[in-house]
Amino acid sequence: MGTGEVSDSSSGNQNVSNNDESNVILNVYDLTPINNYSYWVGFGIFHSGIEVHGKEYGFGAHDFPVSGVFEVEPKCCPGFSYRCSISLGHINMPFSEFRVFIVSLASEYHGDTYHLISKNCNHFTDDMAHRLTGKHIPGWVNRLARLGSLCSCLLPESLQVTTVKQLPEYHEIEIDDTDQEKHLLSPKDGNLDVAFVKEAQN
């Protein structure tokens with residue numbers, strides 16, 4: 001469906017051998033079991049993250065005016081069911097340069113600005129992919145938001161916030177600006193390391 005190479009395998013972390021080069025991969029997750037049926041007609045409710053340099057980056061909601069961009073192990077975003085990976089190309093960018101990029105991008109995506117229709121996780125991955133590769137994510141991944149912008153009054157309020165607040169591990173904490181990372185999640189499974197990316201300081 002859509003464009004790009006789709007894979008359901010676990011081989012998404014196939015980074016190019018040169019340390020400065022990395023594949024850019026869109027990892028797509030199901031938010032609801034209904035996707036098993038609606039996916040085949042080009043519709044569904046999805047979360048997505050961009051995998052680059054061995055980590056996956058996503059955007060989620062929280063209550064604070066700080067970065068909502070977080071990183072997890074590829075294909076392991078807690079709270080969602082992994083569906084597929086789509087190759088978007090590759091970049092020639094050292095990790096140190098990429099880190100500057102993602103920290104800068106994080107300053108544009110605060111957790112308290114998340115909105116299902118106008119600024120969701122798929123808007124983030126589309127923006128990130130376009131800046132890195134010049135390509136957009138497939139349209140079907142964020143079709144719900146485009147349709148919702150036409151009839152948002154029909155959507156239940158419970159769908160307005162997703163990704164972080166729906167996780168059972170989410171909890172409110174005091175934000176200390178001296179923290180090097182914004183850890184707003186405490187995964188019960190120690191293997192699910194979810195850390196927010198600290199935004200660039202102005």
Side-chain angles (χ1 to χ4, degrees), residues 1-29 46-60 66-78 80 82-111 113-114 119-142 163-164 177-185 187 189-202:
M1 180 185 310
T3 60
E5 180 180 338
V6 180
S7 170
D8 291 320
S9 71
S10 60
S11 60
N13 192 22
Q14 296 176 344
N15 287 332
V16 183
S17 58
N18 185 332
N19 288 337
D20 289 350
E21 295 187 18
S22 174
N23 290 328
V24 178
I25 299 168
L26 179 74
N27 292 327
V28 182
Y29 300 80
F46 303 102
H47 168 74
S48 65
I50 293 287
E51 179 183 346
V52 62
H53 279 300
K55 288 288 185 180
E56 180 177 316
Y57 299 86
F59 172 55
V66 294
S67 169
V69 175
F70 60 90
E71 65 178 35
V72 295
E73 290 300 313
K75 305 184 187 69
C76 294
C77 189
F80 306 113
Y82 169 75
R83 171 170 285 279
C84 65
S85 295
I86 302 169
S87 176
L88 299 174
H90 72 277
I91 57 170
N92 189 346
M93 179 185 292
F95 178 75
S96 58
E97 184 179 335
F98 170 75
R99 194 67 188 175
V100 171
F101 164 82
I102 194 66
V103 165
S104 175
L105 187 61
S107 66
E108 301 177 31
Y109 286 87
H110 285 181
T113 65
Y114 183 103
K119 194 174 185 179
N120 66 32
C121 57
N122 302 317
H123 290 109
F124 167 77
T125 55
D126 185 62
D127 186 17
M128 183 175 173
H130 189 255
R131 294 190 196 196
L132 289 174
T133 69
K135 297 179 181 177
H136 290 283
I137 67 173
W140 58 267
V141 176
N142 206 25
T163 300
V164 174
D177 288 336
T178 63
D179 289 348
Q180 291 302 306
E181 306 247 9
K182 307 300 186 185
H183 292 279
L184 301 184
L185 300 179
D189 182 346
N191 294 325
L192 294 178
D193 187 16
V194 181
F196 279 78
V197 176
K198 184 180 180 184
E199 64 191 76
Q201 299 297 315
N202 292 330

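Every heavy atom of this structure was used, including side-chain atoms; hydrogens, water molecules and symmetry mates were not.
Taking the centre and axis of the six-membered ring of Tyr114, the NZ or CZ atom of Lys119 falls outside the cone set by 45° and 6.0 Å.
Proximity of a side-chain donor or acceptor of His53 to a complementary backbone N or O of Met93 within less than 3.5 Å is detected. Without hydrogens or angle criteria, Thr133 side chain to His130 main chain gives no donor-acceptor distance under 3.5 Å.
Contact detail for Val69 and Ala106: the closest heavy-atom pair is CG2-CA, 3.7 Å. Shortest non-hydrogen contact noted between Tyr109 and His123 is OH-O, 4.0 Å. In terms of heavy-atom proximity, Ser48 sits nearest to Cys121 at N-SG, 3.9 Å. Of all heavy-atom pairs between Asp126 and Ile137, the closest is OD1-N, 3.0 Å.
For Tyr29 and Phe46, the gap between ring centers reaches or exceeds 6.0 Å. Phe98 and Tyr57 have their aromatic ring centers within a separation under 6.0 angstrom.
One distance of note links CG of Asn142 with CG of Asn122; it measures 4.0 Å at 0.5 Å rounding. In this structure, Glu108 CD and Thr113 OG1 are separated by 10.5 Å, a value rounded to the nearest 0.5 Å. Rounding to the nearest 0.5 Å gives a distance of 10.0 Å between SG of Cys77 and CG of Asn27. Taking CD1 of Ile25 as the start and CD of Glu56 as the end, the distance is 9.5 Å to the nearest 0.5 Å. Taking OG1 of Thr125 as the reference point, atom CG of Leu88 lies at 8.5 Å (rounded to 0.5 Å). To the nearest 0.5 Å, atoms OG (Ser107) and NZ (Lys198) are separated by 12.5 Å.
Pro138 places a side-chain heavy atom less than 4.5 Å from the side chain of Ile86. Under the 4.5 Å side-chain criterion, counting only non-hydrogen atoms from C-beta, Leu105 is in contact with Arg131. Residues Ser22 and His90 have side chains not in contact (no heavy-atom distance under 4.5 Å, counting atoms from C-beta outward). With a 4.5 Å cut-off on side-chain heavy atoms, Asn23 and Ser87 do not count as touching.
Ionic pairing of Glu71 and Arg99 is present here: one or more N-O contacts between side-chain nitrogen and carboxylate oxygen are shorter than 4.0 angstrom.
When each of Phe124, Phe80, Phe59 is checked for a ring-ring contact (aromatic ring centres under 6.0 Å, His included) with His47, only Phe80 meets the rule.
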